[in-house]
Amino acid sequence: MAELRHSASMGNRASAGSSPVKRDDPSAPFVSASGADGGGRDRDRDRDKDPHRAPFASSVLHLPPPIRSLLALEDPRVSTSTAYRILVAFLAFLVLAGFLSLPSLWSRLNAPYLCRKEGIVLHCPRVKEPPSLWENPYSATTSWKPCAERREGGISDLPSENETNGYIFIHAEGGLNQQRIAICNAVAVAKIMGATLILPVLKQDQIWKDQTKFEDIFDVDHFIEYLKDDVRIVRDIPEWFVDKAELFTSIRRTVKNIPKYASADFYIDNVLPRIKEKKIMALKPFVDRLGYDNVPPEINRLRCRVNYHALKFLPEIEEMAEKLAARMRNRTGNVNPYMALHLRFEKGMVGLSFCDFVGTREEKAMMAAYRQKEWPRRYKNGSHLWQLALQKRKEGRCPLEPGEVAVILRAMGYPKETQIYVASGQVYGGKNRMAPLRNMFPNLVTKEELASKEEIDHFRKHVTSLAALDFLVCLKSDVFVMTHGGNFAKLIIGARRYMGHRLKSIKPDKGLMSKSFGDPYMGWASFVEDVVITHHTRTGLPEETFPNYDIWENPLTPCMCRA
C-alpha cells in the first residue's frame, strides 16, 4: 500500500506539470513511476511473479529523487532541484579525477615496495629532516668525560733499568687498526710483568704487502715520552743481545700458544718466568692476546691512554687529514657538515662473509670459485652455504650493500645534498654496485677525489699512511656511519665516544634491516618509522659496560669518569 500511495502522489504531481510525458512516446528516456494504470498493473504482476524483487524495489523507491533519476528510475525532467544538479556534478568530478589518476595509480602498483628502480638508479621519496640529523640527540643527558690521560705530577712506579724483569718484543700484524690494538696490548702486558718493551715492529701480511715501520706512521718520540712513567720503552733490541735474528726464529726465544683474551694472571704465571730466565722473549702471535674483564682496571685505563693519547700519527699525516676535513666542509663554498661512511664491501669481505648478494649468474659462479679457493675447508662442496647465508642475513651478520646503505640514509632524513666521505677499499662489483648510492647522494667523494694526485702520491709509499688519512677524516666527521664490523669501525666509534658526546656515530641494526628489506608488504612510511625508531638511540653515546665488552668500541667504565 505504501508503494501505491507513493505512486499516486507522484502521478498527481506529474499531471500538474506543464509537459506531461506520454507513455507511448518513444523519445521519452525514462518512464515515470506514476505512469498509466497498465504500467502499474504490469509491475504488480511482475512483483507477484518474483517475490524476491519486492524488498529491492521497495528500497529503491525510497531513494532520493536525484539518485533514482541517475539510476534510470526517475525521469530527470520531473525534478529540477539543486540537489540533483550538485550530485551529478560531484559524480562527474569523481569520474574525471579517477581517470586522471589512473597512470599514477598504475605506476604505484607496479613500483617496488620501498623505492622505485630505473636501471641501476634508485628513487626513494624524500623524508623530512629531523632536528637531530647532525648531532647526537641525547648528548645533553650524559655526564661523562675522558679520564685516561696522564696525570701531571704523577709519581712513577717503574723499577730502575737494572731491575727490569726482562725485555719483550712483538710483531704487530695485520692492517693499521689491528696493529694499533696490538701496540696498546703490548704496553699493557709489559706493565703487567714489569718488563721493558722494545718498540714493536709493524709486520704486514701478504694481503697488505707493505713494509711500513713504526716511525713511518707514528710519532715515536711522543709515544716514548708520554708513557715514560708507565712503561719503559726502548727503540731497539739491546746491544748486548748479539743474535738479533734469533728472535722470532728460535723456539727457545719465542712464547707461543698464548690464548686469546688471556688474563693478567696467565702472563704472570706462564710468561714472566720465561722472560726472567731468557731476559729477552718474543711474543707470537699477538692479536687479541689480552682480555678485558680479567685484568685490573688500571691496565684497561693504560690501554686507553696508549690508544687515545700516546699513539699519535706523524705531523704530516695529521696536517693532510685536517686539509681533507676542511675541504669536505667547504666543497659548496659554504661551511657544511659532512658524513664519513666506512663502506666494507670489498671482494675479500664479501667472500669471507659467505653471505648471498644480488648479482648475475656469472658473478655468483665466480664468487663461489673464489670462496672455494680461499677457504676450502669452510666451502666444502657449497651445498650448505645457501641455508647458512639465509641464517647469517637474519642475524644481521652480512655486510650492507651500497644500495641498502643509500635507502637507510634516505629513510633517516639525509637529503640528496649531503656531503659524504667514503672510506673503503675497492668495492666488489665496481661502479654498477656503487651506482645506487652515488646517484642518490651525488656529493660522495673519496680521498683520491678530494686531494690532488701529487698529494696522494706522497703517501702511497706506505699503505698504512693512506689508511691513517681515512682514520683521521672519519674521526673528525660530524656523523660517522659504519656498515659492517671490524677494527677500523670499533676504534673510530670508541674514539668518538671518548672525545665527546655530540659526535654522532650510527651503527645500523642489520638484523632489523634484513627483515625490512625482505618484507614485500612493507611500505615506505612504515620502513621510515622502523628506521627512525630503531636508530634513535644507536648514535654512539657512551654505554654501561657488560661482561666481555670490547674496550676499543666502548671505553666508558675504565677510561671515562663522571663530569
Side-chain angles (χ1 to χ4, degrees), residues 126-146 308 321-322 324-326 328-332 334-344 396 400 404-424 437 440-441 443-445 470-486 488-510 512-513 528-544 550 552-556 559-560 563:
R126 292 185 71 96
V127 176
K128 184 178 179 181
E129 298 181 24
S132 60
L133 194 64
W134 292 102
E135 63 182 21
N136 217 319
Y138 293 111
S139 59
T141 64
T142 59
S143 58
W144 296 91
K145 66 175 183 178
Y308 303 128
E322 191 63 43
L324 295 178
M328 283 299 304
R329 289 197 169 90
N330 294 277
R331 293 188 67 225
T332 61
N334 300 318
V335 178
N336 295 307
Y338 77 92
M339 173 190 294
L341 174 64
H342 184 221
L343 188 60
R344 295 209 70 188
L400 290 172
E404 293 174 330
V405 176
V407 175
I408 294 172
L409 294 180
R410 177 56 53 83
M412 288 180 177
Y414 289 98
K416 181 179 180 180
E417 299 76 24
T418 301
Q419 304 291 327
I420 301 180
Y421 179 90
V422 178
S424 73
L437 176 60
M440 195 176 295
F441 296 98
N443 295 325
L444 182 148
V445 294
D470 278 341
F471 185 92
L472 290 173
V473 177
C474 289
L475 194 63
K476 299 173 186 292
S477 65
D478 297 276
V479 173
F480 173 71
V481 180
M482 59 171 289
T483 62
H484 199 50
F488 183 96
K490 286 195 303 185
L491 288 169
I492 290 289
I493 289 179
R496 291 168 68 87
R497 279 173 165 155
Y498 185 79
M499 291 164 54
H501 310 139
R502 295 183 66 85
L503 296 174
K504 188 174 182 178
S505 302
I506 301 174
K507 186 177 181 180
D509 187 336
K510 294 184 292 181
L512 176 68
M513 291 300 97
V528 169
E529 184 180 8
D530 282 356
V531 169
V532 172
I533 292 175
T534 302
H535 297 89
H536 200 54
T537 56
R538 297 174 67 94
T539 54
L541 288 175
E543 300 174 358
E544 295 292 344
D550 194 322
W552 312 116
E553 185 173 348
N554 186 31
L556 176 63
C559 308
M560 303 182 73

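Treat the numbers as computed from the prediction; the structure is a model and nothing was measured. Side chains are part of it too, since the values below use all heavy atoms of this structure and drop only hydrogens, waters and symmetry mates.
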Evaluate the side-chain proximity of [Y] to [X]: yes if any heavy-atom separation is below 4.5 Å, no if none is.
| X | Y | answer |
| --- | --- | --- |
| Met513 | Val407 | no |
| Cys559 | Tyr498 | yes |
| His342 | His484 | no |
| Leu409 | Met339 | yes |
| Pro508 | Val405 | no |
| Gln419 | Thr332 | yes |
| Asn443 | Tyr338 | no |
| Leu400 | Ile408 | yes |

Please report the interatomic distance [atom1]([X]) to [atom2]([Y]), rounded to the nearest 0.5 Å.
| X | Y | atom1 | atom2 | answer |
| --- | --- | --- | --- | --- |
| Leu503 | Leu475 | CG | CG | 8.0 Å |
| Leu512 | Thr534 | CG | OG1 | 4.0 Å |
| Ile506 | Thr483 | CD1 | OG1 | 12.5 Å |
| Leu133 | Met412 | CG | CE | 10.0 Å |

Please report the shortest heavy-atom distance between [X] and [Y], naming the atom on each side.
| X | Y | answer |
| --- | --- | --- |
| Phe441 | Ala406 | CE1-O, 3.7 Å |
| Val127 | Ala411 | CG1-O, 3.9 Å |
| Gly413 | Pro130 | CA-CD, 4.2 Å |
| Asn330 | Ala326 | ND2-O, 2.7 Å |
| Val473 | Ala321 | CG2-O, 3.9 Å |

Dump the intermediate steps for side chain to side chain contact (heavy atoms under 4.5 Å, CB included) on Lys476 and Glu322, then the final yes or no.
CA-CA 8 Å; Lys476 299 173 186 292; Glu322 191 63 43; 3.0 Å; yes

Check against side chain to side chain contact (heavy atoms under 4.5 Å, CB included), Phe488 and Met482: CA-CA 9 Å; Phe488 183 96; Met482 59 171 289; over 6 Å; no

>> Is it true that, when you exclude Lys507 itself, more than 12 heavy atoms of the residues, nucleotides or ligands shown sit nearer than 6.0 Å to its NZ?
In response: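 Count not over threshold, so no.
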
Is a donor on one side and an acceptor on the other found under 3.5 Å between the side chain of [X] and the backbone of [Y]?
| X | Y | answer |
| --- | --- | --- |
| Arg497 | Glu553 | yes |
| Arg344 | Gly485 | yes |
| Arg331 | Asn336 | no |
| Arg496 | Cys474 | yes |

Query raised in the report: Which is it for Tyr414 and Ile420 under the side chain to side chain contact (heavy atoms under 4.5 Å, CB included) test, yes or no, and what are the steps along the way?
Result: CA-CA 11 Å; Tyr414 289 98; Ile420 301 180; over 6 Å; no

Review point. Run the side chain to side chain contact (heavy atoms under 4.5 Å, CB included) check on Leu437 and Leu341 step by step: do they pass?
Key: CA-CA 11 Å; Leu437 176 60; Leu341 174 64; 3.9 Å; yes

